[in-house]
Each structure stands twice: as C-alpha cells, then as structure tokens.
Amino acid sequence: MPTKLNPSSGNAVDIESHRVVLDDLMKLIDNRSTAIMDFKDLMNPKNNLAESLKLIKSSRKAHVGDVPAMDLFLKLEAVANACGSDSDWWKVLGEITESTFIALLQHKYGQVPLQEKTVILENPQGVEIFNLEGKSMDAIVWDVDLDCGEMHEVKKAIISRVGDKGFGRKLQLLAKFKKLAMKQSGKTNFIGVSTIFEQSRLIANLLESNFSIKERDIDVLGRDRIHVWLGKKYVGKAS
C-alpha cells in the first residue's frame, strides 16, 4: 500500500488506566456540557498540582446537578491526590488528553486507533516518496485500501510548544506529508494537531506566527470543532 505505518520508539498511552475518567468525560462531550470549560482549564501550563486541585474542587461546586461533571471532577480529584509532584500530575494530564482523542476516535469509527506509529509514503510501485523521519503520531486511524484517514498529534496545550524546535520540525513534516498524500490519493485526510485546551483559531494562529505553518498546511482540532469533526468521517474502515 502507498502508506506504511511502522512501529516507533514512542510509548503508547494505556487508555484503560484512565477509563474511569474518560467515561464521564465522553458524557460531557456528548451532552455539550459547559463543564468542558472547567476541564480544559486544567490543561493550562501555568497550573501546578495545588492550583489544579483548587480548580477541581471549585468545578465540583459549580456543576451541582450535572452528575457526569460532578463524577468527573471527583475522580480527577482522586487522580490528582495520588500524584506526588507537579511533574507526575502533568504527565497524567498528558495521558488523559491523548486518551481522550483516542476514545473519541474509537467512538467515531468503532475501532481502536493505532498509537505511536511513524509513517512512510510510497508510490504505487512501492518506492518511498516521503517519511516522518521516524517521528511517531499519537493516534492513527487509516484505511489501507483507500489510503486515507486520520493522524493526530495530541497536545495538552499548543501554546506550551512555542519555541520547541522539535515540534516545529514535526509540523513541517506533517505539512509535507499531507500535501503529498492528498496529491497522490486524491482523498481528504485529517493530518494535524489536536487539543482540548485551545480553540481551533487560536491553534492556527499559534502555528502560523511561531512556526510559519498555515492552517491549509495541516489540520487543527480544538475543543470548538470537536462535534463538527465527529460528524465527518475520513475513513471507510480502520486497520
């Protein structure tokens, strides 16, 4: 097939370890609950563990009557209390963010996405055209027959990556891959970055102003476009 998905040295997220949180979070997303705004505030890079615990407690009080929201923040409080340091908490938040988009993709397509695969684009004769230099993607759903699908680089907050040269290089590779893949297959794909913290327009602005990557170059998915994105399938079947 023109696109090959190879293993990488990246560490896949154990989505089941966060299932108790994800089940309630999916309910909030399905219900378009305003509690999502409280959840996204936890991803703010300025928040340490102590500040996050304060936010969680105030969010529980703010959403009395919204059972999934109260359950979510109660469980997040337990998760936060189990963390021994700011770095432990930030790591868990990163895993929860990745797990959220993996769960959304699973909900969307009915199959578990691939994690931590690097991508090589080949022509119909099997000759390599382009590759991601061994850099892996956090979540992939790809139709090997139609050679189209979705590839997500998931971040807690895009703004925290400003100045990150490695992230900038990855964006350049994704932009080139998307252009070549669409030219070769003629299919529409989602190839880009996803987060709950920022809105899509802000992500696009951050990528253009800091990395010279325009919105037409790669796809961006912020919390404001999640329901539109869920309603648009790029894949006939996942592999």
Side-chain angles (χ1 to χ4, degrees), residues 1-13 43-46 87 90-102 104-105 113-123 126-142 147-185 187-223 225 229 234:
M1 294 297 168
T3 301
K4 293 175 65 176
L5 305 175
N6 293 336
S8 78
S9 58
N11 295 317
V13 171
M43 309 302 157
N44 192 323
K46 297 179 181 179
S87 60
W90 289 324
K91 181 177 183 293
V92 168
L93 281 181
E95 291 176 353
I96 290 174
T97 304
E98 273 191 47
S99 296
T100 298
F101 283 97
I102 291 167
L104 286 168
L105 280 164
L114 299 171
Q115 294 186 60
E116 300 301 334
K117 301 286 185 181
T118 188
V119 188
I120 297 173
L121 183 65
E122 297 180 342
N123 65 18
V127 178
E128 182 177 316
I129 299 172
F130 191 72
N131 67 70
L132 293 185
E133 298 180 353
K135 299 181 187 299
S136 60
M137 299 300 292
D138 292 319
I140 301 174
V141 181
W142 201 258
D147 201 39
C148 60
E150 303 196 34
M151 299 183 185
H152 293 252
E153 178 70 9
V154 181
K155 297 297 179 191
K156 291 195 298 292
I158 306 301
I159 196 168
S160 65
R161 295 291 168 167
V162 170
D164 184 337
K165 292 182 179 179
F167 182 57
R169 178 58 182 160
K170 194 166 192 176
L171 293 174
Q172 292 173 350
L173 292 170
L174 289 177
K176 185 71 177 292
F177 180 86
K178 179 184 176 183
K179 181 178 180 180
L180 291 173
M182 290 186 67
K183 180 179 180 181
Q184 178 163 285
S185 69
K187 306 286 195 317
T188 300
N189 305 297
F190 182 103
I191 300 174
V193 295
S194 307
T195 187
I196 292 176
F197 181 61
E198 290 111 345
Q199 294 196 42
S200 304
R201 174 46 51 192
L202 178 57
I203 299 170
N205 291 342
L206 285 169
L207 297 188
E208 182 167 3
S209 60
N210 292 283
F211 301 104
S212 299
I213 299 290
K214 298 184 183 300
E215 189 171 2
R216 67 172 179 270
D217 297 330
I218 65 172
D219 295 292
V220 297
L221 176 59
R223 65 178 182 277
R225 291 185 185 170
W229 166 76
Y234 298 84

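Quick caveat, the model's predicted, so the values are computed rather than measured.
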Residue that, paired with His152, satisfies side-chain contact (heavy atoms from CB on, under 4.5 Å) out of Leu104, Val193, Ile102, Leu105
Leu105

Which atom pair, heavy atoms only, marks the closest approach of Glu198 to Ile158?
OE1-N, 2.9 Å

Lys135 and Glu153: salt bridge (charged side-chain N to carboxylate O under 4.0 Å, His left out), yes or no, with the steps?
CA-CA 10 Å; Lys135 299 181 187 299; Glu153 178 70 9; over 6 Å; no

Rounded to the nearest 0.5 Å, what separation is found between the CZ atom of Phe130 and the CD atom of Gln184?
13.0 Å

Pairing residues for Asp138 by the side-chain hydrogen bond (donor to acceptor under 3.5 Å, both in side chains) criterion, not counting sequence neighbours:
none

Check Val154, Thr118, Leu174 against Met137 for a side-chain contact (heavy atoms from CB on, under 4.5 Å) and give me the one that passes.
Leu174

Pro45 and Phe197, any side-chain heavy atoms less than 4.5 Å apart
yes

Spell out, as yes or no, whether a donor-acceptor pair under 3.5 Å connects the side chain of Gln115 to the backbone of Val13.
yes

Salt-bridge contact Arg201-Glu215 (side-chain N to carboxylate O under 4.0 Å):
yes

Ring pair (Phe, Tyr, Trp, His ring centres under 6.0 Å) partners for Phe167, two or more places apart
Phe211

Yes or no on side-chain contact (heavy atoms from CB on, under 4.5 Å) for Leu5 and Met151, after CA distance, side-chain angles and deciding distance?
CA-CA 11 Å; Leu5 305 175; Met151 299 183 185; 4.1 Å; yes

For the side chain of Asn189 and the backbone of Gly149, is there at least one donor-acceptor N/O pair under 3.5 Å apart?
yes

Between Ser200 and Leu221, the two heavy atoms sitting closest are OG-C, 4.0 Å

Ignoring hydrogens, what is the shortest heavy-atom contact between Phe190 and Asp219? Give both atom names and the distance.
CA-OD2, 3.3 Å

With rounding to the nearest 0.5 Å, note down the distance linking CH2 in Trp229 to OG in Ser194.
7.0 Å

Just by modelled atom types, is the Lys156 backbone N or O under 3.5 Å from a matching donor or acceptor in the Thr195 side chain?
yes

CD1 (Ile129) with more than 12 external heavy atoms under 6.0 Å:
yes

Nearest-0.5 Å distance that lies between atom CG in Asp164 and atom NZ in Lys170
10.5 Å

Donor-acceptor check, side chain of Lys176 to backbone of Asn131, threshold 3.5 angstrom: yes or no?
no

Surrounding NZ of Lys187 (heavy atoms of other residues, nucleotides or ligands, distance under 6.0 Å), is the total greater than 12?
yes

List the steps and the verdict of side-chain contact (heavy atoms from CB on, under 4.5 Å) for Arg225 and Val220.
CA-CA 9 Å; Arg225 291 185 185 170; Val220 297; 3.8 Å; yes

Using every non-hydrogen atom in the two residues, find where Lys178 and Asp217 come nearest and quote the distance to one decimal.
CD-O, 3.4 Å

Look up atom CG in Asn123 and atom CG in Leu180, then write down how far apart they are to the nearest 0.5 Å.
11.5 Å

For a quick test of reading the model, state the closest non-hydrogen atom pair linking Gly10 to Ser136 and the distance between them.
CA-OG, 4.4 Å

Supply the atom-to-atom distance Ile159 CD1 to Asn205 CG, rounded to the nearest 0.5 angstrom.
11.0 Å

Hey, what do you get for CG (Leu114) to CH2 (Trp142), rounding to the nearest 0.5 Å?
11.5 Å

With sequence neighbours excluded, residues passing salt bridge (charged side-chain N to carboxylate O under 4.0 Å, His left out) with Glu128
none

